[in-house]
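Note sheet for the following structure.
We use all heavy atoms of the structure for the numbers below, so side chains are in, but hydrogens, waters and symmetry mates are not. Just so it is clear: chains get the letters A, B, ... in the order the sequence lines come, proteins before strands, and each one is counted from 1.
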Protein chains: 2
Amino acid sequence: MKIKLQKASDIGPVVRAVRKAQRIRQDDMAGSIGVSENFLAKVEHGGGNAQWTKVFQVLEGLGIELVCDIPDDAEDFLAGYMRGGS
Amino acid sequence: MKIKLQKASDIGPVVRAVRKAQRIRQDDMAGSIGVSENFLAKVEHGGGNAQWTKVFQVLEGLGIELVCDIPDDAEDFLAGYMRGGS
DNA sequence: CATAAATCCTGACGAACGTAAGGATTTATT
DNA sequence: AATAAATCCTTACGTTCGTCAGGATTTATG
């Protein structure tokens, strides 16, 4: 199921829902991901202002894929950059 | 065009490509988004470890949509949370 | 209602971020 | 090659994050 994030805080309910679906406590989930329980709770409430890599770490741990949709104009530029080109 | 982010740093080339497609300098783009030129440059090089809301701010400014794909198990939980329910 | 579990909140401290300013390096233009 | 433009790289400083520890509040269970 795909969910478009319209605000930065939209990530919160997503994280919570996926965790709940796995029937795991914040405590245990945080431990298995490698973050603090406090941090995970904050993220689930809208993220406050967490760090990009840490949020990504949580999403990875929960099996949530992150996809970005870019304008078609940028396609050519991106292809160049991803092949290690200048 | 949809791009799956596999590492946190994958966001860098995406941001750069979209900016380049608009033919705007880092300087001006940073100003119009409301971040520093230094910050935008860091993000384009892999993000270092920027803050979630700031990265989101940049993506918004560039017209990049962020979508997350979650397991179907979580769908029911999410629906409940998004209606403002407990 | 009573008990226990899960989640949330607060304060403090070390570590990392984001900005600004200046200069260096690379890239484009003539 | 020479000039100018764009990007990148430090350094320094104030702000914010992330963790830990402890307790409070909410939610589930009998």
The helix from C:dC1-D:dG30 to C:dT30-D:dA1: angle between terminal helix axes, five bp per end, to the nearest 10 degrees, reads 70°
How about [X] and [Y]: do any of their side-chain heavy atoms sit closer than 4.5 Å?
| X | Y | answer |
| --- | --- | --- |
| A:Val67 | B:Leu5 | no |
| B:Arg19 | B:Gln22 | no |
| A:Leu62 | A:Met29 | yes |

Calculate the interatomic distance between [X] atom [atom1] and [N] atom [atom2]; express it in whole Å.
| X | N | atom1 | atom2 | value |
| --- | --- | --- | --- | --- |
| A:Asp28 | C:dA5 | CG | C1' | 12 Å |
| A:Leu40 | C:dT7 | CG | P | 9 Å |
| B:Met29 | D:dT7 | CE | C1' | 15 Å |
| A:His45 | D:dT26 | NE2 | C1' | 11 Å |
| B:Glu44 | D:dA6 | CD | P | 14 Å |
| A:Lys42 | C:dT7 | NZ | C1' | 15 Å |
| A:Trp52 | D:dG18 | CH2 | P | 14 Å |
| B:Phe39 | D:dT7 | CZ | P | 17 Å |

Distance test, side-chain N/O of [X] to OP1/OP2 of [N], below 4.0 Å:
| X | N | answer |
| --- | --- | --- |
| B:Lys54 | D:dT15 | no |
| A:Arg19 | C:dT7 | yes |
| B:Arg16 | D:dA6 | no |
| B:Gln26 | D:dA6 | no |
| B:Asn49 | C:dA16 | no |
| B:Arg23 | D:dA6 | no |

Between B:Ala41 and A:Ala50, the residue closer to the 5' end of DNA chain D by nearest nucleotide is B:Ala41
Between protein and nucleotides 21-25 of chain C, what N or O pairs are separated by less than 3.5 Å?
none

### Message
Under the rule for side chain to side chain donor-acceptor pair (under 3.5 Å), what residues qualify as partners of B:Asn38, not counting sequence neighbours?
### Response
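If we apply the side chain to side chain donor-acceptor pair (under 3.5 Å) test to B:Asn38, skipping adjacent residues, there are no hits.
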Query - Any pair counted as side-chain hydrogen bond (donor to acceptor under 3.5 Å, both in side chains), so long as it reaches residues 45-58 of chain A, sequence neighbours left out - result: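 Matches after skipping sequence neighbours: A:Asn49-B:Gln51, A:Asn49-B:Thr53, A:Gln51-B:Asn49, A:Thr53-B:Asn49.
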Applied to residues 58-68 of chain B, the side-chain hydrogen bond (donor to acceptor under 3.5 Å, both in side chains) test, sequence neighbours excluded, yields A:Lys4-B:Glu65
Set of salt bridge (charged side-chain N to carboxylate O under 4.0 Å, His left out) partners for [X], sequence neighbours left out:
| X | result |
| --- | --- |
| B:Lys7 | none |
| A:Asp73 | none |
| B:Asp28 | B:Arg25 |
| B:Glu37 | none |

